[in-house]
Amino acid sequence: MRVRSRRGNWLAVVLLRISRRDLFFCLTALLIFCLGSVLYQLKGEAPKILLDVGYYLGRFAGGHGSLAPRALPFPSQVVYNRVGKCGSRTIVLLLRMLADRHQFTLISSDIHNKTRLTKREQENLIRNISTTPQPFLYTRHVHFLNFSRFRTDEPVHINIIRDPINRFLSNYFFRRFGDWRGEENHVVRTPGMKDDERYLDINTCILESYPECSNPRLFYIIPYFCGQHPQCREPGLWALETAKQNVLDHYLLVGVLEELEDVLLLLERLLPHFFSDVLNIYKSPDYRKLGNMTGTVRKQTPNLEALQVLYERMEYEYKFYNFVKAQFHLTKRKIGLRSGPKPSRHYSSALQRKDLQEELEEEETEDSLEWTGQT
């Protein structure tokens, strides 16, 4: 009884020493934090008044006065291991505009000729990516990186591919003649290319089986999704199936360039913090002025015989392309997107129908900016 009496007396003394002003301050602080909690759940981020109170209390308690970190979007880590000549410059240009608008960290690597990495290089790159301030989007020409293999939190992966023959032709002429940003930029990319190679006829290259127009050089898209294993660079069923499984297991979205506007719509819905309003930017006159400079120049179409040979050599590439396209259309249906593909050249379907002659005649009269802003 004496112990209880002493505790009661001690509590009474404490309550008597609390002034009305102190009690009002405590109740006000409690009310602010309760309201802040409600607003946080409704808006997904802390209200400014709560941050200001935290700043004041931090200084009052002798802290450094640093503001509380802002709530991160989910997902807050995105990796775009962009495939060459599949609209990557278009997407990077859009991302630069979006990064300023939506306040996320964009890291666009300028390394174009280092897609295959050693284990140590993979580990270092994954560490560098993972320590980037969030939210971030990292993009580089690099084959798929398996973050879980190095016990690192896996980011969201996205990518875009295109008809394999279209991709090959765009790359073939881009290496030789550049794009509309300035025809001299091809000299920078291929300074050691001799004139005999630079002006090599595309039909001769294919039909006479030059290395550039044969396997394994034509086996290009699949390794970007298969990964860093040496077998991923060998044309075959193992690399194909591994790439398909990685798409299902690791990629939020793999779009097709022939339906770019639908790709942008899906990215806007799936990753709104990064791609909100991207389609409006893509259609804006300001962007078009910049995008028109990325089209490959002097692009020609091989004859029917050469195309048929090329298609047979790219058998696995087309199997993968058709798989990705089917998955992309499935995602569109799930999201409720009903728009269809825009009119474009699909060499695979034309070759299978054996009626490519009409498309070849149209190619001769087409403007060289056929893939303006998408190459």
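If you read the sequence from its start, that first residue is 1, and numbering goes on from there. As a basis for the values below, the full set of heavy atoms in this structure was taken, side chains included, without hydrogen atoms, waters or symmetry mates.
The distance from the CD atom of Q327 to the NZ atom of K325 is 13.0 Å, given to the nearest 0.5 Å. Between the CZ atom of F328 and the CZ atom of F323 there is a distance of 14.0 Å, given to the nearest 0.5 Å. Rounded to the nearest 0.5 Å, atoms CD1 (I165) and CE (M314) are 6.0 Å apart. Rounding to the nearest 0.5 Å places CD1 of I202 at 4.5 Å from SG of C213. Note that OG of S88 is 8.5 Å distant from NE2 of H112, once rounded to the nearest 0.5 Å. Atom SG in C226 sits 13.0 Å away from atom OH in Y316 (nearest 0.5 Å).
In terms of hydrophobic clustering, with Ile, Leu, Val, Met, Phe, Trp and Tyr side chains grouped at heavy-atom distances under 4.5 Å, Y251 and L248 are assigned to a common cluster. Using a 4.5 Å cut-off between side-chain heavy atoms of Ile, Leu, Val, Met, Phe, Trp and Tyr, with links allowed through other members, V92 and I160 fall into different hydrophobic clusters. Cluster membership for V247 and L237, using ILVMFWY side-chain heavy atoms within less than 4.5 angstrom, is shared. In this structure, I335 is a member of the same hydrophobic cluster as V278, with clusters built from ILVMFWY side-chain heavy atoms closer than 4.5 Å.
Formation of a donor-acceptor pair under 3.5 Å by the H250 side chain with backbone atoms of N146 is not found in this model. Looking only at distances, a side-chain donor or acceptor of R313 sits under 3.5 Å from a matching main-chain atom of I206. Put simply, the side chain of T242 never gets that close to the backbone of A239: no donor and acceptor are under 3.5 Å apart.
The hydrophobic cluster containing L145 also includes V79, I107, L117, L125, I126, I129, F136, Y138, V142, F147, F150, under a criterion of side-chain heavy atoms closer than 4.5 Å among ILVMFWY residues, counted directly or through chains of members.
Side-chain contact between L106 and D100 is absent, with no heavy atoms from C-beta onward closer than 4.5 Å. Inter-residue side-chain proximity for R233 and F219 is flagged as unmet; no heavy-atom pair is nearer than 4.5 Å. A heavy-atom distance below 4.5 Å is found between the side chains of S276 and H102. Using a 4.5 Å cut-off on side-chain heavy atoms (C-beta onward), L264 and L94 make contact. Looking at F104 and L271, their side chains never come closer than 4.5 Å, going by heavy atoms from C-beta outward. Within the 4.5 Å cutoff, the side chain of F274 has no heavy atoms near those of the L267 side chain. Here the side chains of T139 and S108 are in contact, with some heavy-atom distance below 4.5 Å. Considering only heavy atoms from C-beta on, L98 comes within 4.5 Å of F275 through its side chain.
With sequence neighbours excluded, the residues satisfying salt bridge (charged side-chain N to carboxylate O under 4.0 Å, His left out) with D277 are R101. Residues passing the side chain to side chain donor-acceptor pair (under 3.5 Å) test with R127 are N124, sequence neighbours excluded. Taking E315 as the reference, K319 meet the side-chain contact (heavy atoms from CB on, under 4.5 Å) condition, with sequence neighbours excluded. Partners of Y210 according to the ring pair (Phe, Tyr, Trp, His ring centres under 6.0 Å) rule, which considers only residues two or more places apart in sequence or in another chain, do not exist here. With sequence neighbours excluded, the residues forming a side chain to side chain donor-acceptor pair (under 3.5 Å) with T115 are H143, listed by chain and number.
R176 forms a cation-pi arrangement with Y172, by the criterion of a distance under 6.0 Å to the ring centre and an angle within 45° of the ring axis. Under the 6.0 Å distance and 45° angle rule, R288 counts as a cation-pi partner of Y282.
Using the six-membered ring where Trp is involved, Y199 and F177 have ring planes that are tilted, between 30° and 60° apart.
Nearest heavy atom pair, residue P223 against residue C232, reads CG-O, 3.4 Å. Here the shortest heavy-atom pairing between E258 and I161 reads OE1-O, 4.4 Å. In plain terms, the two heavy atoms of S130 and T152 that are nearest each other are OG-CG2, 3.0 Å. Across all their heavy atoms, L200 and C205 have their closest contact at CD2-CB, 3.7 Å. Heavy-atom minimum distance, N203 versus P302: OD1-CA, 3.3 Å. Across H273 and Q103, no two heavy atoms sit closer than the pair NE2-O, 4.3 Å.
A salt bridge links K283 with E261; the closest basic N to acidic carboxylate O contact falls under 4.0 Å. Looking at R175 and E212, a side-chain N of the basic residue comes within less than 4.0 Å of a carboxylate O on the acidic one, giving a salt bridge. Between R167 and E317 there is no salt bridge, since none of the side-chain N atoms of the basic residue sits less than 4.0 Å from a carboxylate O of the acidic one.
The number of heavy atoms from other shown groups lying within 6.0 Å of CD (E305) does not exceed 12.
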* Would Y318 and Y311 count as a ring pair (Phe, Tyr, Trp, His ring centres under 6.0 Å) if you check the C-alpha gap in whole Å, the side-chain angles of each, and the deciding distance to 0.1 Å? -> CA-CA 8 Å; Y318 270 104; Y311 177 70; 4.8 Å; yes
* Full working for side-chain contact (heavy atoms from CB on, under 4.5 Å) between I221 and F320 -> CA-CA 8 Å; I221 297 176; F320 181 73; 4.0 Å; yes
* Asked: Would I91 and R82 satisfy side-chain contact (heavy atoms from CB on, under 4.5 Å), going step by step from the backbone distance to the final call?
  -> CA-CA 9 Å; I91 301 300; R82 58 188 192 266; over 6 Å; no
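Tested against H157, the residues Y80, F144, Y224, F225 include a single ring-ring contact (aromatic ring centres under 6.0 Å, His included) partner, F144.
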